[in-house]
Amino acid sequence: MRAYPLVVTSLVATGIVAVVAVGCQNQHEANQEAAQKTSLGASSSVQDLMKARNLSEADVEAALKTYVPTGKMDEYYIFASGGQSGNVDVIGVPSMRLLKVIGVFTPESWQGWGFGGESDKILEGGNQGIHKIRWADMHHPNLSETKGDYDGQYLFVNDKANARVAVVDLKDFATKQIVPNPLAASDHGGAFVTPDTDYVIETSQYPAPLGREYAPITDYKAKYRGVAIFWKFDRAKGRIDPSKSWALELPPYTQDLADAGKLGSDGWAYINSFNTEMAVGGTMEGKPPIESGASQNDMDYLHVINWKKAEELVNAGKTKTIAGMRVLTMDVSGPEGVLTLVGEPKSPHGCDVTPDGKMVIVGGKLDTHTTLYDTAKMKDLIAQKKFEGKDDYGIPIMAFKDAIDGQVEIGLGPLHTVFDDKGGAYTSVFIESVVAKWSYTDLKKPVEKLKVHYNIGHILAAEGDTVSPDGKYVVAMNKMSMDRFLPVGPLYPQNFQLVDIAGEKMRLLADMPIANAEPHYSQMIKADKIKAEKVYKSGTNATGEIDPNRVEGGKERVVRNGNKVEVFMTAIRSHFTPDRIEVDEGDDVTIHVTSLEAAEDQTHGFTIDMYNVNVSLEPGKHENLSFKADMPGTYPMYCTEFCSALHLEMTGYFLVKPKKR
Ligand code: CUK
Ligand code: CUA
């Protein structure tokens, strides 16, 4: 009731501004100048303002490098893992403004993601076992690539906690598919793409029997396994095709990060690992915890995989089917040269292929070096079968010194490495809390360090995982933010710090608190590569198809068939047709609703109070809401998006007549 006069007031106000802007340009500019002066308060110059706000010259320079005035656009998009939120955060660079949160594994109520509409089916597709899984621990988003360059079409993400991979279509920034991994319970090395996005790689984290069968912990060595799934991506359909996908059985060495080879190393994939000791804990039984058991050996194993060869063997039928998936087992992959191991120093983490495809860089959580593995040398060693031995599973092992190009002393706890356009490598150093810049083409170049706040996990770079990184920016993805932001209780925000890498020295530009969970990896893509749609073709549903139940204006109706009620509804500023729905208690109700809007940014929403249903109706969008009318009563239904001056009037009633008792 009260908001109506407010609407009118704001409209009038907008009208006045518009008249001023059109009719009196010079006066308008003069006004703006005056306004800017007044907004400086008492100060009359930039110097005064700097003094008043206690800003250094470096601060002002950083501000000028990141400030994006109203109406101007950012230069890059970041697609950030939303960590435990299960969703993707989209951020603009250099402004570090949050642009969108894409509902992926977790219901997102603004987008009506998981509240009774079509998206429920996509979420259902990601269920594991008998559980309706509605949370995720997202770690590594990866953009689709063509010839090793981001092409701006798709984004793939993994869920470490429930071993799943999702496909997001960047035409509408919406999730289209969630694929549950049938073999493993947790994943980590995903979702990494091959250079033409033929495959999306998902490798397991904590070993378990394939197919998640029960096996006592004493059978760890005999029955527990790791696995790498190569999900076949059908680009024409924009979906993963599980029927054309396959897996590689791996030893129960906790596999960690993965990356695909590129250019000269295309056809190969690399996975680092830890706990090759196969420690299984037992803290209640007086045994050492896994953390110490897993840190006994000086070396763990980098897994080197010839996936092109594996594909041939899979096509030749050399597989075993486990939980409905074709698996190339170790007794085939070891002797065939598909899987080979090589030592990796002290609790390795990170596994990053350089832009030229020549090196794989591995960090070490308890080491001070990054190690550079030479992809060509390893290829030769495998071709010549030059090994120093085999592991307990018969997998050949290359000699460390034969496989590497060198090592670089970085600092305490190097993790992940990203790249610029000049041979520069940027490694996140967790314990030391710095970004370390070094050269992967000249290992003797001194290492430059930039303090970050605090304890950096991943690091990302502009177009950083492609064959042609842009340089310009890296972002430190920090796990801790102690004294950086206003206190918000014991759970602190994470901190993304934008770093300028265009000049000789790295410069810290801006902090961005990440308030919704702990992101792991992110990727940054040039903004003009993204071709996002502005409106949907009329009747498009969550899968991107024209829905068979799309409703045209004038064809609205209610169809009853026993206790099944189907409502064919339309939404347009500012009413629903029909705006009254009456059903009987116990009826199965489906509401097919199409937005008849075709204008940009004219979104409606639709909810029925108390029924836990809510959908977003962007222009042209179609939704099918299905539920049981199990609660008799009188329920307003309304549009949840402030769509017009008469938005509050965009309402109606859903009436559920009680059964006679
Ligand atoms: S992991 Cu989190 S800091 Cu899952 Cu990529 Cu290294
Ligand atoms: Cu439609 Cu508010």
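Order of listing sets the numbers, starting from 1, for every ligand and every atom in it.
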(message) Ignoring hydrogens and geometry beyond distance, is a side-chain donor-acceptor pair present between H622 and N541 at under 3.5 Å?
(response) no
(request) Applying side-chain hydrogen bond (donor to acceptor under 3.5 Å, both in side chains), name anything that partners T590, two or more places apart in sequence or on another chain. (result) S626
(request) Could you tally the protein N/O/S atoms lying less than 2.8 Å away from atom 6 (Cu) of ligand 1? (result) 2
(request) For salt bridge (Lys or Arg N to Asp or Glu O under 4.0 Å), just list the numbers for R164 and D159, CA-CA rounded to whole Å, side-chain angles, deciding distance to a tenth of an Å, and then say yes or no. (result) CA-CA 5 Å; R164 302 179 297 169; D159 168 13; 3.0 Å; yes
(message) List ligand 1 atoms under 4.0 Å from H140, heavy atoms only on the residue side.
(response) 1 (S), 4 (Cu), 5 (Cu)
(request) Pull out every atom of ligand 1 sitting under 4.0 Å from any heavy atom of H188, numbered as shown with elements. (result) 1 (S), 4 (Cu), 5 (Cu)
(request) Begin with the C-alpha distance, continue with both residues' side-chain angles, and end with the deciding distance and a verdict on side-chain hydrogen bond (donor to acceptor under 3.5 Å, both in side chains) for T370 and T427. (result) CA-CA 9 Å; T370 48; T427 300; 5.2 Å; no
(request) Working to the nearest 0.5 Å, report the span between NE2 of H139 and CG of D137. (result) 3.5 Å
(request) Report the residues that fulfil ring pair (Phe, Tyr, Trp, His ring centres under 6.0 Å) with F654, sequence neighbours left out, ordered by chain and then residue number. (result) Y611, F627
(request) Keeping the roles fixed (side chain from Q255, backbone from P251), state whether a donor-acceptor pair exists under 3.5 Å. (result) yes
(request) Using only heavy-atom distances, determine whether the side chains of N87 and E108 contain a donor-acceptor pair under 3.5 Å. (result) no
(request) With 2.8 Å as the limit, jot down which protein N, O or S atoms are around atom 1 (Cu) of ligand 2. (result) H604 ND1, C639 SG, C643 SG, M650 SD
(message) As an exercise, identify every atom of ligand 1 less than 4.0 angstrom from a heavy atom of K479.
(response) 2 (Cu), 3 (S)
(request) Could you tell me whether K621 and E597 have a side-chain N and a carboxylate O separated by less than 4.0 Å? (result) no
(message) Please report the interatomic distance CD1(I572) to SG(C639), rounded to the nearest 0.5 Å.
(response) 12.5 Å
(message) Could you tell me if the side chain of I201 sits less than 4.5 Å from the side chain of V193, heavy atoms only?
(response) no
